[in-house]
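Order of the sequence lines fixes the chain letters, A, B, ..., with proteins taken first and strands second; residue numbering starts at 1 for each chain. All of these numbers come straight from a predicted model, not from anything done at the bench.
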Amino acid sequence: MSAATQAVTKKPFWSSSRRDALTFYMVTSPWVIGLVLFTVVPIAYSVYISFTDWNMLSSPNWVGLKNFKDMVDDPDVAHSLWVTTKYSLVSVPLRLSIALFFALLLNEATKFVGVFRTIFYLPGVVASVAAAVLWQWILNPRFGPFNAFLGLFGIHGPNWFTDPDWALWGLVLMSVWSVGGEMLIFLAGLKGIPRMMYEAAEIDGAGRWQRFLKITLPLLSPTIFFNLIMTVIGSFQTFDSAFVISTARAGAIGSPLKSTLFYMMYLYENAFKFLNMGYASAMAWILFVVIVVVTYLINRSSRKWVFYGD
Amino acid sequence: MSVKTTTVAPVMAVTGFWREHRLGKLLHVVVVYGLLIGLSFLFVFPFFWMILSALKPEFQIYKWPPQWIPDPIQWSNFSDVFGNPYLPFDTFIKNTMILEVGMISGRLISCTLVAYGFARLEAPGKNILFGILLATLMIPNAVLRIPSFILFNEFGWINTFKPLIVPAWFGEAYAIFLMRQFFRTIPKELEESAVVDGANRLQIIVRIIVPLSIPVLTVIGILSFKDIWNDFMGPLLYLNESSKYTVSVGLAYLNGQYNTQMNLLMAASVVLMLPTLILFFFAQRAFVEGITMTGLKG
């Protein structure tokens, strides 16, 4: 490059792009500093303490894989993982199908759509703690309206949150109440399906059910996939509602009889009640691995059932 | 006038259906609206039950079959909740509001700056940083909880609001992402003419970008308000004294007390739910946009 061109480009081009870069680093510095301080360092530290026996009182000792070996022998780890899985297996498909059903209904309606959408989404804006406290009262076996409603049909309702066989299903029932978020995402997906498709199918003589199977489901499958991943990840980290309801009963986490001992609750108990920071960190990493594996499996299966337009 | 149109229009629509279409179509409308109304009732009923219970004297709450209308309506349940010497909800509301102001202002200011950088400025390494930003959206909370707790404990921040407020001043990945997308839709010419007039980057952000980005800032502000108001685990971990509790933690403790009076518990639940419900009614569009734009739930 000759001196002449450099002299020409120097002033407007060079200096402004350099200034831009400098400004970029300045304005993004809060996030970069935060990333290092509140994400990168904690993650690295979490890996380290998962190999120690640290209890916050004495200095951490390196114990190698002991925490992970202990987890294999700890029946409560397997149990809490099973409770979480069982909950997810029932709650996720139930929530998604109900959310889809609501979205389809709203998509069929022409008037007052906004009113109904608001009503179904309403529970979604409510604090999880308040929802938990409320549902404890709704499912109260003696004075709650739910069992009274069952009574109208001659059904003797269960004791819900005090019965180890039913407590988890009480939580599932409660989780169905707040499907508004998934419903809205489904609704947005349905609005994205071109009307022409349906009109063409109708001319070809396709019935309502056929149109649903041949047009709606395939074209909605990317939305279903997204909702499935998000709901599964969320349900594996269930904590608030189960914690609030189970600690209210006799103050024991996961009561009655550990029937609602979710993985995150057992992790919480180890970390913040027993201060077994090393063990709890190891548990957190196992949860991370479980979530990654489940997400990967869903993602892999998606090749078979998710349909992308092109 | 409006009454007239709402009563006449459906009738015309129905007769129109009747004339032009088969009976099946009318049946379809009846089934759709029948289901919508029935399901709406089921979804609203818990709120209804909560409010009724919150207004009952204690003896009426355990009556069976239920006494539907509270008699007398006991408003004092609410003043009992606010004035409870051990679990004072007025203090909890004040604490939560401190967090709201501290966290929302921090998040809006820092995210605007960062998002502007990602939307408009070129620099080596920018794309890598943006990739990292998106990747952080996928880190599960569980992994960060324990080391963050330890870190804040080292700082001596436990039982203060700092572990909740300070990180908010360092940006938040999804808000940055959302703002960046929005900033990119603002025409560059507006900024270029400002540069000609001698404005610097900060002036451009404050005078041009922020006023034009009120919609996205509102969405982020409103969703943040709801998330902070409803957050449970964060305040549960970092705040140990009842004078520091937020509304969610306060209600959880009230619920955990051995001899809880259900009517007071329901009054406290109303107090916890009401602000976000009112906010939702006024800012429905922001909620719906936020959900569909980001796919975030809750």
Region of [X] that comes under 4.5 Å of a non-hydrogen atom in chain B:
X: A/Phe38; answer: both
X: A/Leu105; answer: both
X: A/Thr110; answer: both
X: A/Tyr263; answer: neither
X: A/Arg142; answer: backbone
X: A/Leu287; answer: side chain
X: A/Val40; answer: neither
X: A/Ala280; answer: both

So A/Trp137 and B/Tyr62, would you call those rings parallel, tilted or perpendicular, with 30° and 60° as cut-offs?
->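 If you compare the ring of A/Trp137 with that of B/Tyr62, the planes turn out perpendicular.
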Do the ring planes of A/Phe24 and B/Phe118 sit parallel (below 30°), tilted (30 to 60°) or perpendicular (above 60°)?
-> perpendicular
Sequence neighbours excluded, which residues qualify as salt bridge (charged side-chain N to carboxylate O under 4.0 Å, His left out) partners of B/Glu191?
-> B/Arg120, B/Arg201
Residue part contacting chain A, namely of [X], when any heavy atom lies under 4.5 Å:
X: B/Ser40; answer: both
X: B/Gln284; answer: side chain
X: B/Leu151; answer: side chain
X: B/Leu237; answer: side chain
X: B/Leu36; answer: both
X: B/Trp229; answer: neither
X: B/Leu236; answer: side chain
X: B/Pro275; answer: neither
X: B/Ile37; answer: both

Any sub-3.5 Å donor-acceptor pair from B/Asn230's side-chain atoms to A/Ser128's backbone N or O?
->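 Checking the backbone N and O of A/Ser128 against the side chain of B/Asn230, no donor-acceptor pair under 3.5 Å is found.
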Determine yes or no for a side-chain-to-main-chain donor-acceptor pair under 3.5 angstrom, with A/Tyr121 supplying the side chain and B/Val288 the backbone.
->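 The answer is no, because no donor-acceptor pair under 3.5 Å joins these two groups.
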Just so I know, are the side chains of [X] and [Y] near enough to count as touching, which here means a heavy-atom distance under 4.5 Å?
X: B/Phe170; Y: A/Leu35; answer: no
X: A/Tyr268; Y: B/Arg145; answer: no
X: A/Asp20; Y: B/Glu122; answer: no

Indicate the atoms forming the closest heavy-atom contact of A/Met264 with B/Ala142, along with that distance.
-> SD-CB, 3.5 Å
Would you name the heavy atoms of A/Leu134 and B/Pro46 that are closest together and state the gap between them?
->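 Smallest interatomic distance, heavy atoms only, reads CD1-O, 3.5 Å.
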Gap between atom [atom2] of [Y] and atom [atom1] of [X] - 0.5 Å precision:
X: A/Trp135; Y: B/Met50; atom1: CH2; atom2: CE; result: 12.5 Å
X: A/Phe120; Y: B/Leu42; atom1: CZ; atom2: CG; result: 9.0 Å
X: A/Ser17; Y: B/Leu121; atom1: OG; atom2: CG; result: 11.0 Å
X: B/Met138; Y: A/Ile291; atom1: CE; atom2: CD1; result: 13.5 Å

How far apart are the C-alpha atoms of B/Phe280 and A/Thr118, what are their side-chain angles, what is the distance that settles it, and do they pass the side-chain contact (heavy atoms from CB on, under 4.5 Å) test?
-> CA-CA 9 Å; B/Phe280 176 68; A/Thr118 304; 3.4 Å; yes
Going through the checks in order, is the side-chain contact (heavy atoms from CB on, under 4.5 Å) test met by B/Met273 and A/Val125?
-> CA-CA 8 Å; B/Met273 283 188 190; A/Val125 301; over 6 Å; no
Check the surroundings of atom CD1 in B/Ile128: do more than 12 heavy atoms from other residues, nucleotides or ligands lie under 6.0 Å from it?
-> no
Determine whether the aromatic ring centres of A/Phe102 and B/Phe43 lie less than 6.0 Å apart.
->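 Between A/Phe102 and B/Phe43, the centre distance is under 6.0 Å.
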Output field: ring centroids B/Trp49/A/Phe146 closer than 6.0 Å | no
Which of A/Ser50, A/Pro30, A/Ala284 touches chain B most, by non-hydrogen pairs under 4.5 Å | A/Pro30
For each of A/Leu104, A/Thr39, A/Ile43, A/Leu122, tally heavy-atom pairs with chain B at distances under 4.5 Å, and name the one with the top tally.
-> A/Leu122
Which residues satisfy the side chain to side chain contact (heavy atoms under 4.5 Å, CB included) test with A/Met56, sequence neighbours excluded?
-> A/Trp54, A/Leu275, A/Met277, B/Phe149, B/Ile150, B/Asn153
